[in-house]
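Hydrogens, waters and symmetry mates play no part in the numbers below; they use all other heavy atoms, side chains included.
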Amino acid sequence: LIFFCILMPFSFSQDESDFINDYSYLLKKNTSIELKANILSRLVDYQSWGRDPKHKKLIDNISSKKLSEFSKNEKLAYWINSYNLLTIDLIIKTGETKSIKNQGSLFKNVWKKHKWLINEKPITLHEIEHEILRKFGDPRIHFAINCASLSCPDLHNEPFDAEKIDRQLDDVTYNFLKNNSKGLILKGGEYFFSKIFKWFSKDFGGKKNTRQFIANYMPEVKKNKFSGYIEYNWNLNNIVN
């Protein structure tokens, strides 16, 4: 299934300002931090988001970018924003209400099944995450992208911006780790952390370096014993109206 996007010409400076403003508006209007299934998450009102014409404008915007003139940080911010917006677009267009994984098939998971046209080339969420974002070599990207599920790192409360992306990546990493309902649990001299650290152990330099990575944000883990991973909840991070 390919979601077609209309390619629109743009003026970079004004276009970028409009993008940031529109994305910020949709985040503020259609998301809220709430407890769902005992997990504290930034939930999304996908129906309301999808009804706003600003959503299509954002999708048209990312589909028409010319990345050849972008700096490394501009590309990083662009691809993180694109991943998150296309995930939202998938939920809106499929009408999924239970779990993003329902939109996969017997032969392809959801991240490989759905495609969008970016500069007239079809691309999947799998390709953006594994063939583009992970190649930046910064494991913090795993806490910047949202898979529309309760145990995923939350959508950030603002669009990613090349000029402040390093601070933003630190912020989302710390915010995820301090969330003791899905990031990191410290209890009785033991700690448990998200399965993201298991699935992407290589990106964090293996188990030993993973502990140090976490300690950079949560030094207290050094005083505790690692005892396992937190159960991952794939239920949709939607606001139920």
Side-chain angles (χ1 to χ4, degrees), residues 1-10 12 15-16 18-27 30-31 44-70 72-136 141-142 144-149 152-156 158-162 165 234 236-238:
L1 176 62
I2 297 180
F3 297 146
F4 290 92
C5 305
I6 300 174
L7 305 184
M8 302 291 289
F10 66 97
F12 181 80
D15 175 81
E16 195 64 20
D18 290 345
F19 177 86
I20 295 294
N21 290 337
D22 289 346
Y23 194 1
S24 298
Y25 171 84
L26 289 176
L27 284 168
N30 301 297
T31 72
V44 182
D45 187 337
Y46 289 101
Q47 290 186 345
S48 175
W49 187 304
R51 288 193 296 266
D52 197 307
K54 285 183 174 61
H55 174 68
K56 183 179 183 301
K57 184 179 175 183
L58 291 174
I59 298 300
D60 289 344
N61 183 299
I62 62 176
S63 75
S64 61
K65 281 287 190 288
K66 305 298 181 183
L67 302 186
S68 59
E69 298 179 359
F70 277 26
K72 179 180 178 180
N73 281 352
E74 287 171 337
K75 289 178 181 178
L76 181 56
Y78 165 82
W79 284 115
I80 292 173
N81 288 332
S82 294
Y83 185 97
N84 290 335
L85 284 168
L86 294 178
T87 298
I88 292 170
D89 193 56
L90 187 156
I91 300 302
I92 290 170
K93 291 189 174 181
T94 60
E96 181 57 52
T97 60
K98 300 298 183 182
S99 172
I100 190 173
K101 297 183 82 173
N102 290 340
Q103 293 302 321
S105 67
L106 182 63
F107 302 103
K108 286 185 178 180
N109 66 39
V110 60
W111 298 281
K112 293 181 178 180
K113 178 181 176 183
H114 300 274
K115 297 181 180 181
W116 291 261
L117 292 178
I118 304 294
N119 283 317
E120 301 184 307
K121 295 180 181 179
I123 195 167
T124 65
L125 292 171
H126 176 91
E127 290 170 321
I128 293 175
E129 180 179 6
H130 298 282
E131 298 178 19
I132 298 174
L133 282 172
R134 291 179 69 189
K135 289 185 177 180
F136 279 88
I141 63 103
H142 292 295
I145 56 177
N146 176 264
C147 62
S149 303
C152 289
D154 291 332
L155 278 169
H156 195 32
E158 62 180 358
F160 285 87
D161 185 331
I165 194 166
W234 287 103
L236 196 68
N237 63 340
N238 60 329

Atom pair [atom1]/[atom2] of [X] and [Y] - distance to nearest 0.5 Å:
X: Trp116; Y: Glu127; atom1: CH2; atom2: CD; value: 11.0 Å
X: Leu85; Y: Trp49; atom1: CG; atom2: CH2; value: 6.0 Å
X: Ser82; Y: Leu125; atom1: OG; atom2: CG; value: 10.0 Å
X: Leu133; Y: Leu76; atom1: CG; atom2: CG; value: 6.5 Å
X: Asp89; Y: His114; atom1: CG; atom2: NE2; value: 11.0 Å
X: Ile91; Y: Leu86; atom1: CD1; atom2: CG; value: 12.0 Å

Report yes if the side chains of [X] and [Y] come closer than 4.5 Å at any heavy-atom pair, otherwise no.
X: His55; Y: Ile88; answer: yes
X: His126; Y: Lys113; answer: no
X: Ile80; Y: Ile165; answer: yes
X: Asn237; Y: Tyr46; answer: yes
X: Thr124; Y: Trp111; answer: no
X: Leu236; Y: Ser99; answer: no
X: Gln103; Y: Lys101; answer: no

[Y] backbone acceptor or donor facing [X] side chain under 3.5 Å:
X: Ser149; Y: Cys152; result: no
X: Asn146; Y: Asn84; result: no
X: Ser68; Y: Lys66; result: no
X: Ser24; Y: Asn21; result: no
X: Thr87; Y: Ala148; result: no

Closest approach of [X] to [Y] (non-hydrogen atoms, all atoms of both residues):
X: Glu129; Y: Tyr83; answer: OE1-OH, 3.6 Å
X: Arg134; Y: His130; answer: NH1-ND1, 3.0 Å
X: Leu117; Y: Pro122; answer: CD2-N, 3.7 Å
X: Phe136; Y: Lys72; answer: CE2-O, 3.6 Å

Does NZ or CZ of Lys54 come closer than 6.0 Å to the centre of the six-membered ring of Tyr25, within 45° of the ring's axis?
-> yes

Parallel, tilted or perpendicular: ring planes of His156 versus Phe160, cut at 30 and 60 degrees = tilted

Dump the intermediate steps for side-chain contact (heavy atoms from CB on, under 4.5 Å) on Ile123 and Ile132, then the final yes or no.
-> CA-CA 11 Å; Ile123 195 167; Ile132 298 174; 3.9 Å; yes

Assess the side chains of Asn61 and Lys65: does a donor N or O sit below 3.5 Å from an acceptor N or O?
-> yes

